[in-house]
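Numbering of residues begins at 1 and proceeds along the displayed sequence. Counting convention: from 1, in listed order, for ligands and their atoms alike.
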Amino acid sequence: MLKENQIEMLKQQLLQKKEQLISQAHFSQNIIEELHFEKSSDELDYAEASSDGHNLSILRNKQLEELQEIEIALTKIEKKKYGICEMCDEQIGIRRLKVKPHAKFCIECREAYEKELES
Ligand SMILES: [Zn+2]
């Protein structure tokens, strides 16, 4: 089991990361809007601007995905179910949580999951 103070520390980490992601998400949204504006004013840059915009929306989706995972982790803290692997129900190691506080799987399951995605 995780100790109360360990959970508190990870919670702070999650909240910090959340704020960071939110401000970054706003930032990339502004860039996307700017690119759209440029696109209509200068047709020559159309292809370039739209591919940049595309990359940014991928980045933005990743940020939103991470944000969602952070939200889930925070809810789990509230429900006292934080740090449990979603696949095997084992405790996720504190070392892993320190690196990735919103981890859903323990290291073993994460590896199995990634192999599954590759095949
Ligand atoms: Zn597991």
Less than 4.5 Å apart, any side-chain heavy atom of Ile72 and any of Lys104?
no
Greater than 12 external heavy atoms within 6.0 Å of Lys11's NZ
no
Partners meeting side chain to side chain contact (heavy atoms under 4.5 Å, CB included) with Gln68 (sequence neighbours left out)
none
Distance criterion under 2.8 Å: protein N/O/S atoms around the Zn ion (ligand 1)
4
Can you name the closest pair of heavy atoms from Lys100 and Arg110 and give their distance?
NZ-NH1, 3.9 Å
Under the side chain to side chain contact (heavy atoms under 4.5 Å, CB included) rule, collect the residues that match up with Glu65, sequence neighbours excluded.
none
Could you name each residue pair satisfying ring-ring contact (aromatic ring centres under 6.0 Å, His included) that touches residues 67-106, not counting sequence neighbours?
Phe105-Tyr113
